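Structure, as structure tokens:
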Amino acid sequence: MSILRVEGLSKNFRGLAAISDVSFTIEPQSITSIIGPNGAGKSTLFNLITGYLPPTAGAIHFKDRRITGMATNRIAELGVARAFQIAKPFRDLTVFENVRIGALFGKAGPRDVEATTRRGLELAAMTDLADRPASALTVGQLRHLEVARAIATRADLLLADEPCAGLNPTETAAMIDVLRQIRASGITVVLVEHDMPSVMEVSDRLLVLDAGSLIADGPPSVVSKDPRVIAAYLGTPDV
Ligand code: ADP
Ligand code: MG
């Protein structure tokens with residue numbers, strides 16, 4: 001059974017087809033990366049899944065519930081979380097307190113806020129920094145904080161928007177490890193990421209968008225050899 005099902009999804013901005021007739025399903029406990037050139041529609045797709053934007057056409061089902069057109073907070077309550085590229089923490093609060101805010105919101109149902117906070121910190125490899133004020137974190141640590149906050153909402157599906165952008169190779173490797181840990185914990189991850197070596201390494205599956213259309217869908221080893229993908233995005237056949 002799939003955790004997310006997108007069917008015939010389209011989004012037009014005036015004349016521009018930002019997403020056009022896109023269909024795919026996401027299997028639970030997997031990491032799927034959405035790749036494609038700038039302007040391909042990746043962020044728009046996230047905005048549609050989280051309910052931030054209404055689609056022009058099509059349907060989105062999360063765990064067999066139709067979420068199309070639902071308010072963002074209702075979709076979050078069902079267990080969909082998004083980690084933003086630009087983390088905007090409460091700078092005067094500690095890492096723990098920031099992640100705790102995630103644990104206070106998010107998925108509906110009974111919860112143990114302290115335990116949920118600790119689990120978010122642990123999965124995002126932030127336990128050692130729990131008492132540090134957010135204002136003292138590096139860019140890389142802020143990304144981990146944002147992922148921890150998102151997971152602490154008890155999400156079943158994490159949408160991560162370029163979590164490795166601007167990170168150095170060591171920080172990138174640490175973030176990739178975190179994404180793997182998150183998958184191992186049972187959470188499904190959909191990733192938008194430009195860093196191709198990381199994408200190839202961590203993804204169970206790639207979805208390739210080009211000018212709003214889905215041009216490839218499959219395992220990284222297959223998709224990276226697809227001539228349309230190479231032409232649209234990868235630019236070189238040996239990536
Ligand atoms: P990506 O994240 O793949 O770089 P986006 O989803 O941000 O692409 O953008 C896809 C296209 O839709 C682009 O041409 C962009 O300019 C346009 N677009 C995105 N959001 C809006 C919006 N809110 N209003 C008008 N056009 C938008
Ligand atoms: Mg984008």
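This one's a predicted model, so the numbers in the text were calculated from it and none came from an experiment. Order of listing sets the numbers, starting from 1, for every ligand and every atom in it.
Salt bridge Arg5/Asp64: present, at least one basic N to carboxylate O contact under 4.0 Å. Residues Glu201 and Arg180 are paired through a salt bridge, judged by an N-O separation under 4.0 Å between the basic side chain and the carboxylate.
Looking only at heavy atoms of the protein, atom 7 (O) of ligand 1 is closest to Ser43 CB, 3.8 Å. What sits closest to atom 19 (C) of ligand 1 on the protein, heavy atoms only, is Phe13 CE1, 3.5 Å. Scanning the protein for heavy atoms near atom 9 (O) of ligand 1, the closest one is Thr44 OG1, 3.8 Å.
Checked by atom type, the side-chain pair Asn47/Arg82 shows a donor-acceptor distance below 3.5 Å.
Distance check for atom 3 (O) of ligand 1: a protein heavy atom is found below 4.0 Å.
Atoms of ligand 1 found under 4.0 Å from any heavy atom of Ala40 (numbered from 1 in listed order, with element): 1 (P), 3 (O), 8 (O). In the vicinity of Asn38, heavy-atom distances shorter than 4.0 Å reach the ligand 1 atoms 4 (O).
Screening residues 99-127 for salt bridge (Lys or Arg N to Asp or Glu O under 4.0 Å), with sequence neighbours left out, gives Arg100-Glu114, Lys107-Asp156.
Checking Ser43 against the Mg ion (ligand 2), an N/O/S atom falls under the 2.8 Å cut-off.
Only the side chain of Leu16 comes within contact range of ligand 1, with a heavy atom under 4.0 Å; no backbone atom does.
The line from CD of Glu146 to CG of Asp161 is 10.0 Å long, rounded to the nearest 0.5 Å.
For Gly39, a nitrogen or oxygen atom sits less than 3.5 Å from a nitrogen or oxygen atom of ligand 1, counting backbone and side chain alike. Distances between N or O atoms of Gly41 and those of ligand 1 include at least one value under 3.5 Å.
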(message) One pair to check against salt bridge (Lys or Arg N to Asp or Glu O under 4.0 Å): Arg183 and Asp204. What are the steps and the verdict?
(response) CA-CA 11 Å; Arg183 173 180 57 188; Asp204 299 302; 3.0 Å; yes
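No single ILVMFWY cluster, assembled from side-chain heavy atoms under 4.5 Å apart, contains both Val147 and Leu159.
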